[in-house]
*Asks:* 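Quick one: this structure, given as structure tokens, is what I'll be asking you about.
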Amino acid sequence: MCGIVGYVGPRDAVRLVFEGLRRLEYRGYDSAGLATTQDGKLCIRRAEGKLSNLECLLREQPINGHIAIGHTRWATHGAPCQRNAHPHVDCRGDLAVIQNGIVENFLSLRQELLAQDHRFLSDTDTEVIVHLVEAQIAQGYDMVEAARRAFSRIKGAHAIVLLSRQCPDTLIATRIGNAGGVILGVGDGEMFLASDIPAILEHTRRMIFLEDGEMAVVQAQGTKFLRLDGAPLTKSAVEIPWDPVSAAKGPYRHFMQKEILEQARSITDTLRGRIDFASGQIILPELNLTPQDIQMINKIVIVACGTSAYAGLVGKFMLEKIARIPVEVDYASEFRYRDPLIAPDTLVLAITQSGETADTLAALEEARAQGARTVSIVNVIGSMAQRISDGFILMQAGPEIGVASTKAFTASLVDQLLLAAYIGQARRTLSPSESQHLAQNLAELPQLVGTVLSEGYNDYRVLAEEFHDREHFLFLGRGINYPIALEGALKLKEISYIHAEGYPAGEMKHGPIALIDRHMPVVTIAVRDNVYDKMISQIEQVKARGGIVIAVCHPDDEAVRAKADYVLHIPYTDPLLIPVLAVLPLQLLAYHLAVRRGCDVDQPRNLAKSVTVE
Ligand code: AGP
């Protein structure tokens, strides 16, 4: 959950940036660093651990200037240590860079740069960025053009800020994809920059939000904008209200909207520290499971409620496929009363965003009482579920405020995939080459998520206008995407109050097909997996009975396009990761329908964020 802060103007930039980093401490981090220019030189200070360590270092070795960048790092590539903390510098000590995101193609870029004799001082993916800029400057481009060319070569989703000792009055920032925000704060003869509003809110309320593919050349007296393809751009500031709730919402109308749209970033955060992207090795120390413990597991039982239970149904496919252990999924509210067959060789996994859901906690207690080993996947640090489990995985998705769960759902899918791979590596059901392949797919995931969420990729307003007055919806999926149909229906019910049912598509002919007529919108998930042909015939069956088909499919799927009334696109990836992408259009569809119906999407009637009663 990296944080970025920058400043250029007349004030003490180092102090100001450091204070900004303090305001982002809540996001979590493992090291921190700062860069400024002083007497024509680039000065860097970095420290492992808490900001107090960086503060001590700054006291012992003070630096100051009128321009600075700062970063709190949560490791993705390379251990959390001083050497890997940002900012990273080029070979000549001219340039410093800070970044949020994952450079998907860092291995090939690093090889290329090593062959050109660039020297790497860290294990991070970030460092390739600064060497790429250096290489472009060596070819004769000025700093802005060199940065633009270098940024254009980086795959993935990122927020990046660059400082050069040769342009000591300029910061260059870019946002690529949707993994990290870049917010510019407009002051009077000074400019602020941050990944998150709270870092700079005390200095200015006038903010400019960079979008995907935009670059800013920031100076105290003004900022120039351009696109990464070189086209010029004009952007204007928006006024952010002072009250903390509105400020936390940023430019979004609702928390749910914000939480849906920030999933490229929350998934990047979920992956932080959990995977060595070069080897594919999974790192889950808090799970508290030794290789011997893992060998002993004979069955996994997942207990959860609502959206988390649907996440568990997806997890069953992942765990059985990768770890080759049988998995049962139970509603926690049922598990606690059904005299379940569990034993010391059963691993009971609780999934709970809040970590406080009464039924899930009771299921965990029941599992413990029967001698099972328990682990939980939670989003709230220090929650009860975390405390009473033998081990845990933190989702690292950041606070979820909207009552309807969105980013915690996708985070828990990614966490279950990590768990499956962790167990698979220990039991050798996942080979080293399969692990590397999975790591590459996971590295690419935030960017794919960002694509689905980018404005204009799918048009939800058209669908909201067309269907907001319907009373019923049907959602169909098969295989690993059948739970996504359940989740799509739940999202719609919760926030729009439209009655919706999710079904495994093969079950349609056993009953729900009777519901289909020309008034019934049917959302189908028809992606290229082992049940693709079955989904096509399901779509045909709906169409034959006059139903309206809204299909989630891949952009190049002409067969589905020809049969469906509306299509919502998702890119292709490994079938085990498709659910993470397939749920996004369903979240946005529910959101836009609910907004069109005038519903209170953040606090739907009768619902609570944590259900702490039975
Ligand atoms: C999700 O949109 C719901 N609000 C609800 O189903 C929720 O997922 C359920 O109550 C479980 O919550 P938990 O993950 O905090 O345990």
Side-chain angles (χ1 to χ4, degrees), residues 254-260 263 266 270 302-315 329-336 348-367 374-389 392-416 475 483-498 500-502 579 583-584 586-591 593-594 599-614:
H254 300 102
F255 278 108
M256 185 185 177
Q257 182 192 23
K258 173 176 183 280
E259 286 155 8
I260 292 172
Q263 285 175 99
S266 58
T270 299
I302 300 178
V303 289
C305 299
T307 286
S308 293
Y310 296 153
L313 286 173
V314 178
V329 185
D330 240 324
Y331 287 117
S333 53
E334 290 295 320
F335 177 86
R336 59 187 294 195
V348 173
L349 165 65
I351 305 171
T352 165
Q353 184 283 133
S354 62
E356 303 293 347
T357 299
D359 285 320
T360 309
L361 294 178
L364 271 173
E365 295 285 14
E366 174 69 23
T374 57
V375 293
S376 57
I377 295 179
V378 298
N379 198 31
V380 177
I381 301 170
S383 59
M384 188 60 116
Q386 177 191 327
R387 296 202 306 272
I388 65 172
S389 302
F392 64 92
I393 304 177
L394 277 179
M395 291 182 197
Q396 300 178 173
E400 191 177 66
I401 312 293
V403 166
S405 189
T406 52
K407 65 175 179 172
F409 178 74
T410 48
S412 65
L413 299 187
V414 171
D415 280 328
Q416 288 180 95
F475 288 74
I484 299 303
L486 301 182
E487 172 60 5
L490 179 64
K491 281 291 87 75
L492 189 61
K493 277 187 268 217
E494 281 189 295
I495 60 168
S496 75
Y497 318 139
I498 296 174
E501 301 250 12
V583 77
L584 305 173
L586 307 192
Q587 293 173 346
L588 282 166
L589 180 65
Y591 172 78
L593 281 165
C599 300
D600 181 353
V601 292
D602 279 340
Q603 288 173 330
R605 68 187 181 204
N606 308 337
L607 295 178
K609 188 68 188 160
S610 296
V611 185
T612 53
V613 292
E614 202 186 338

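Whatever order the structure lists ligands and atoms in, that order sets their numbers, starting from 1. In this chain, residues are counted from 1 in sequence order.
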*Asks:* So which heavy atom in the protein is nearest atom 8 (O) of ligand 1, and how far is it from that ligand atom?
*Replies:* Thr307 N, 3.2 Å
*Asks:* So which heavy atom in the protein is nearest atom 15 (O) of ligand 1, and how far is it from that ligand atom?
*Replies:*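 Going by distance alone, atom 15 (O) of ligand 1 is nearest to Ser354 OG, 2.7 Å.
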*Asks:* For atom 10 (O) of ligand 1, find the nearest protein heavy atom and state the residue, atom name and distance (0.1 Å precision).
*Replies:* Val611 CG2, 3.9 Å
*Asks:* So if I count the atoms of ligand 1 from 1 in the order they appear, which ones are less than 4.0 Å from some heavy atom of Ala404?
*Replies:*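 So the answer, numbered in order with elements, is 2 (O).
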*Asks:* Test your reading of the model: is there a side-chain donor-acceptor pair from Thr357 to the backbone of Val611, 3.5 Å cut-off?
*Replies:* no
*Asks:* To which protein heavy atom is atom 3 (C) of ligand 1 closest, and what is the distance rounded to 0.1 Å?
*Replies:*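 Result for atom 3 (C) of ligand 1: Glu494 OE2, 2.9 Å.
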*Asks:* Do other residues, nucleotides or ligands put more than 12 heavy atoms under 6.0 Å from the CD1 atom of Ile381?
*Replies:* no
*Asks:* If you measure every N or O of Lys491 against every N or O of ligand 1, does any of those distances drop under 3.5 Å?
*Replies:*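 N/O-N/O distance below 3.5 Å exists for this pair.
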*Asks:* Rounded to the nearest 0.5 Å, how far apart are CD of Glu366 and CG of Asp359?
*Replies:* 12.5 Å
*Asks:* Among residues two or more places apart or on two chains, list those pairs meeting salt bridge (charged side-chain N to carboxylate O under 4.0 Å, His left out) that have a residue in residues 395-406.
*Replies:* Glu400-Lys609
*Asks:* Determine whether Val303 and Arg336 make a side-chain contact, defined as any pair of heavy atoms from C-beta on separated by less than 4.5 Å.
*Replies:* no
*Asks:* Pairs of nitrogen or oxygen atoms closer than 3.5 Å, one from Val403 and one from ligand 1: do any exist?
*Replies:*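 N/O-N/O distance below 3.5 Å exists for this pair.
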*Asks:* Quick one: does any side-chain atom of Ser376 pair with a main-chain N or O of Val378 as donor and acceptor, under 3.5 Å?
*Replies:*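 No; zero donor-acceptor contacts below 3.5 Å.
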*Asks:* Any idea which part of Glu356 is under 4.0 Å from ligand 1, heavy-atom wise: side chain, backbone, both or neither?
*Replies:*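 None of Glu356 does.
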*Asks:* Considering the heavy atoms of Ser405, write down every atom of ligand 1 situated less than 4.0 Å from one of them.
*Replies:*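 It comes down to these atoms of ligand 1: 1 (C), 2 (O).
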*Asks:* Could you identify the single nearest non-hydrogen protein atom to atom 11 (C) of ligand 1 and state the distance to 0.1 Å?
*Replies:* Cys305 O, 3.3 Å
*Asks:* Would you mind listing which atoms of ligand 1 come within a distance below 4.0 Å of any non-hydrogen atom of Gly306?
*Replies:* 6 (O)
*Asks:* Flag the pair Phe409 / Ile484 as yes when at least one side-chain heavy-atom distance between them is below 4.5 Å, and no otherwise.
*Replies:*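 Yes. Closest side-chain heavy atoms under 4.5 Å.
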*Asks:* Would you confirm whether Lys491, through its side chain, and Ser405, through its main-chain N or O, come within 3.5 Å as a donor-acceptor pair?
*Replies:*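 Such a contact is found between Lys491 side chain and Ser405 backbone.
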*Asks:* Can you pull out the closest protein heavy atom to atom 16 (O) of ligand 1? Residue, atom name and distance to 0.1 Å, please.
*Replies:*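 Answer for atom 16 (O) of ligand 1: Thr357 OG1, 2.5 Å.
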